[in-house]
Amino acid sequence: MLLPIRCSNNVCKLLSPPILSFAEMATSISELHQAHAHMLKTGLIHDTFAASRLITSAASASTPHTISHAHSIFTRLSNPNSYIYNTMIRAYANSPTPENALLLFQQMLYDFVVPDKYTFTFVLKGCASFAGLEEGRQVHGHVLKIGTGCDEYNQNTLIHLYAKCGCFEIAHNLLDRMPMRDVISWNAILSAYVEMGLMESARHLFDEMHERNVESWKFMISGYMGVGLVEEARSVFDDMPLKNVVSWNALITGYAHASCFSEVLVLFEDMQNAKVKPDDCTLVNVLSACARVGALSQGKWVHAYIDRNGIKIDGFLATALVDMYSKCGNIEKAQEVFSNSWKKDISTWNSMIAGLSTHGFGERALQIFSDMLADGFKPNEVTFIGVLSACSRAGLLNKGREMFDHMVHVHGIQPTIEHYGCMVDLLGRFGILEEAEELARMMPLKDAPVVWESLLGACRNHGNVELAEYVGEKLLELNPEDSTGYVQLSNMYAHAGRWNDVMEVRKKMKAQRVTKEPGCNMIEVDGIVHEFLAGEGMNSKQT
DNA sequence: GTAGGGTTAG
């Protein structure tokens, strides 16, 4: 927050908090405007120290919006010094458009402002961000020419830059010749290997590192998880001498990403036994695991934990809670969390809409959708999967058509297979099979089997054998090993009493060695998650 | 008189 402005250097003390919500940001931007105006009026803007404070505040939250504001202040300064240039270059280096850091560096040279060691750190970081090898080389040349700039900070950034651009030999050479190398120098290369999924090289480097810190270990864990080597990640984790919450999260996130949800829940317990305090990232992952396996009581426990520990429910957590409650069957509680949450992001709205839709509250889902628009949120393609499936499930034919049209023509969203699927479902349910088929044809064929299956189901329900045969052929063409097309088609022939055709389909299935895979489902009873396989016995797991 | 390297996930 800004201090009240007096006609003194107090303006220099303007500070802004590191993390700003939208509302806070707006006020702080208006405060910046005030401060800027005041400084222009009093001439304080010509005081380089005061001006640099203003730029620092304006650039501190490097969202595109604030950074352009900082830049507009910057362009109106008469003689920006190197500190001010550095601040702007740093802001760009950390922004989504790091190329601008380089442009500003060029402008700095053009203005005869002498760069210092800080300048190089920021510019090189910017080059590393967009993997600008040529640009980075040129800056490297400047660093060498000026001489004073090349301390260990810059050397580490250079190592990272070359590694990130795939020049591992240069990176290793720099590292070997570095007199004061430390763990960060090693990590600078390690992180690049990990980012590119080169885990063998990463392992090699990791094994010969003279020093490792918690970050080095974390790189290895998330690196292995990133390429699907769950066991390796686990064994790195087990070897770790000192684990912090970030290490646990790396493992938990990896397991969640690999859809190993019961492992997530087990790890969460291990983590508590190890007396490591979970943070919001842990809890989001655990809640999503609860949602996936239907572990309602554990999900409730996490919710209570959040309340007990006064953890703020941000957009991420609100989304995870809404999703957990609705996937575990408690839509009332999902709605309660939703309406009580002080911060909703687009995913929070999306999960509420999708939840209401799956629970059969189509009208309510559409109501939430219009609330969302009224709140100024821009819907995305996930939103419309919820909206269209709500229409489909609730049988709202015209509303569904209208929403599909709005999605494309008002919100400019390209329909994906899920959207087509909902529409084909909806039209199929009403027996509007030609229109459904027309929509199904609009998709690339290879992506379409689910949608064609749905259309086939509709043909069966409305007794349109002719179209069904056509669709069934199409499905078999697409994927001769999948059983759905055969099963549906044979059921249809059976219904129509065409037993010869039934026999034909069965024969084809046998020839292709197609078997129908049993369905699988999980449900929690008395705190125990049971896994059901259709047609088989029950297999229960203690969670 | 202000600052910097590898990075923190969903």
Side-chain angles (χ1 to χ4, degrees), chain A residues 9 12-15 19 47-57 59-60 81-91 93-94 101 115-126 128-129 149-161 163-164 171 174-175 178 180-195 205 209 211-223 225-226 244-257 264 278-289 291 314-321 323 345 347-348 351:
Chain A
N9 271 7
C12 309
K13 294 194 183 121
L14 54 90
L15 294 166
I19 299 164
D47 179 295
T48 44
F49 192 83
S52 66
R53 293 303 306 168
L54 184 70
I55 291 284
T56 306
S57 299
S60 63
N81 62 6
S82 61
Y83 183 90
I84 292 174
Y85 262 107
N86 290 351
T87 306
M88 281 307 300
I89 292 173
R90 178 183 53 184
N94 297 326
D116 56 19
K117 54 184 182 175
Y118 295 104
T119 320
F120 291 123
T121 318
F122 303 141
V123 182
L124 289 169
K125 192 177 179 187
S129 290
C150 211
D151 58 8
E152 50 282 20
Y153 285 79
N154 278 316
Q155 290 182 45
N156 287 336
T157 318
L158 272 167
I159 289 172
H160 181 63
L161 167 74
K164 224 192 131 189
L174 284 174
L175 178 78
M178 218 177 141
M180 299 278 284
R181 71 192 135 174
D182 58 15
V183 64
I184 292 175
S185 324
W186 297 93
N187 284 353
I189 302 183
L190 188 67
S191 69
Y193 278 137
V194 164
E195 197 183 324
L205 183 68
M209 278 169 71
E211 197 189 338
R212 297 163 183 159
N213 64 9
V214 71
E215 224 83 64
S216 328
W217 290 90
K218 205 225 63 169
F219 283 138
M220 293 304 291
I221 296 169
S222 39
M225 283 299 192
N244 64 9
V245 62
V246 179
S247 333
W248 283 92
N249 286 350
L251 196 69
I252 288 177
T253 309
Y255 274 119
H257 189 77
V264 170
D279 64 6
D280 49 345
C281 174
T282 325
L283 299 172
V284 167
N285 278 301
V286 171
L287 284 170
S288 112
D314 64 0
F316 269 114
L317 264 181
T319 307
L321 281 167
D323 197 47
D345 56 30
S347 312
T348 321
S351 70

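Each chain gets a letter, A, B and so on, in the order the sequences are listed, and its residues count up from 1.
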Go through [options] for me and flag the one nearest to the [X] side chain.
X	options	answer
Cys281(A)	dG6(B), dT2(B), dG10(B)	dG10(B)
Asp314(A)	dA9(B), dG1(B), dG10(B)	dG10(B)
Thr253(A)	dG1(B), dA9(B), dG6(B)	dA9(B)
Asp151(A)	dG4(B), dG10(B), dG6(B)	dG4(B)
Asp279(A)	dA3(B), dA9(B), dG6(B)	dA9(B)
Lys125(A)	dG4(B), dT2(B), dG6(B)	dG6(B)

Inset, instruction - Look at the side chain of Asn249(A) against the base of dG10(B) and say whether a donor-acceptor pair falls under 3.5 Å; ignore hydrogens and angles. - result: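 Flag unset: no donor-acceptor pair detected.
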
Inset, instruction - Determine whether any donor atom in the side chain of Asn213(A) lies under 3.5 Å from an acceptor atom in the base of dG6(B), or the reverse, and answer yes or no. - result: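 Between dG6(B) and Asn213(A), which were checked side chain against base, a qualifying N/O pair under 3.5 Å is present.
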
Legend entry - Cationic tip of Arg212(A) above Trp217(A) ring, under 6.0 Å, 45° of axis: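 That pair qualifies as a cation-pi contact.
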
Roughly how many Å is it from [atom1] in [X] to [atom2] in [N], rounded to a whole number?
X	N	atom1	atom2	result
Lys117(A)	dT2(B)	NZ	P	11 Å
Ile189(A)	dG6(B)	CD1	C1'	11 Å
Tyr85(A)	dA3(B)	OH	P	21 Å
Trp217(A)	dT7(B)	CH2	C1'	18 Å
Glu215(A)	dA9(B)	CD	P	11 Å
Met220(A)	dA9(B)	CE	P	19 Å
Leu124(A)	dG4(B)	CG	P	16 Å
Ile84(A)	dG1(B)	CD1	P	16 Å

Legend entry - Side-chain H-bond candidate by donor/acceptor type, Asn249(A) with Asn285(A), under 3.5 Å: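 Side chains of Asn249(A) and Asn285(A): no pair found under 3.5 Å.
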
Inset, instruction - For the pair Thr119(A) and Tyr85(A), evaluate side-chain contact (heavy atoms from CB on, under 4.5 Å) and give the outcome as yes or no after the intermediate values. - result: CA-CA 8 Å; Thr119(A) 320; Tyr85(A) 262 107; over 6 Å; no

Inset, instruction - Remember a base hit wins even if backbone is also touched, and classify Glu152(A) as base, sugar-phosphate or nothing at under 4.0 Å, heavy atoms. - result: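 Base: the residue Glu152(A), judged by heavy atoms under 4.0 Å, touches a nucleobase.
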
Inset, instruction - Mind checking Ser52(A) for me? I need base, sugar-phosphate or nothing, with any heavy atom below 4.0 Å counting as a touch. - result: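 It contacts base atoms.
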
Inset, instruction - Could you tell me whether the phosphate oxygens of dT7(B), OP1 or OP2, come under 4.0 Å of any side-chain nitrogen or oxygen in Ser191(A)? - result: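 Yes.
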
Legend entry - Phosphate contact (dT7(B) OP1 or OP2) by His160(A) side-chain N/O below 4.0 Å: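 Yes, within the criterion.
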
When you compare the ring of [X] with the six-membered ring of [N]'s base, are the centres less than 5.5 Å apart and the planes under 30° from each other?
X	N	result
Tyr118(A)	dA3(B)	yes
Phe122(A)	dG4(B)	no
Phe219(A)	dT7(B)	no

Inset, instruction - Using atom types as modelled and distance alone, determine if a side-chain donor or acceptor of Asn154(A) lies under 3.5 Å from a backbone N or O of Lys117(A). - result: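 Yes.
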
Legend entry - Distance (rounded to the nearest 0.5 Å) between Tyr83(A) OH and Phe49(A) CZ: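 Here the interatomic distance stands at 7.5 Å.
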
Legend entry - Candidate pair Ser247(A) and Asn244(A), rule side chain to side chain donor-acceptor pair (under 3.5 Å), full reasoning: CA-CA 5 Å; Ser247(A) 333; Asn244(A) 64 9; 2.8 Å; yes

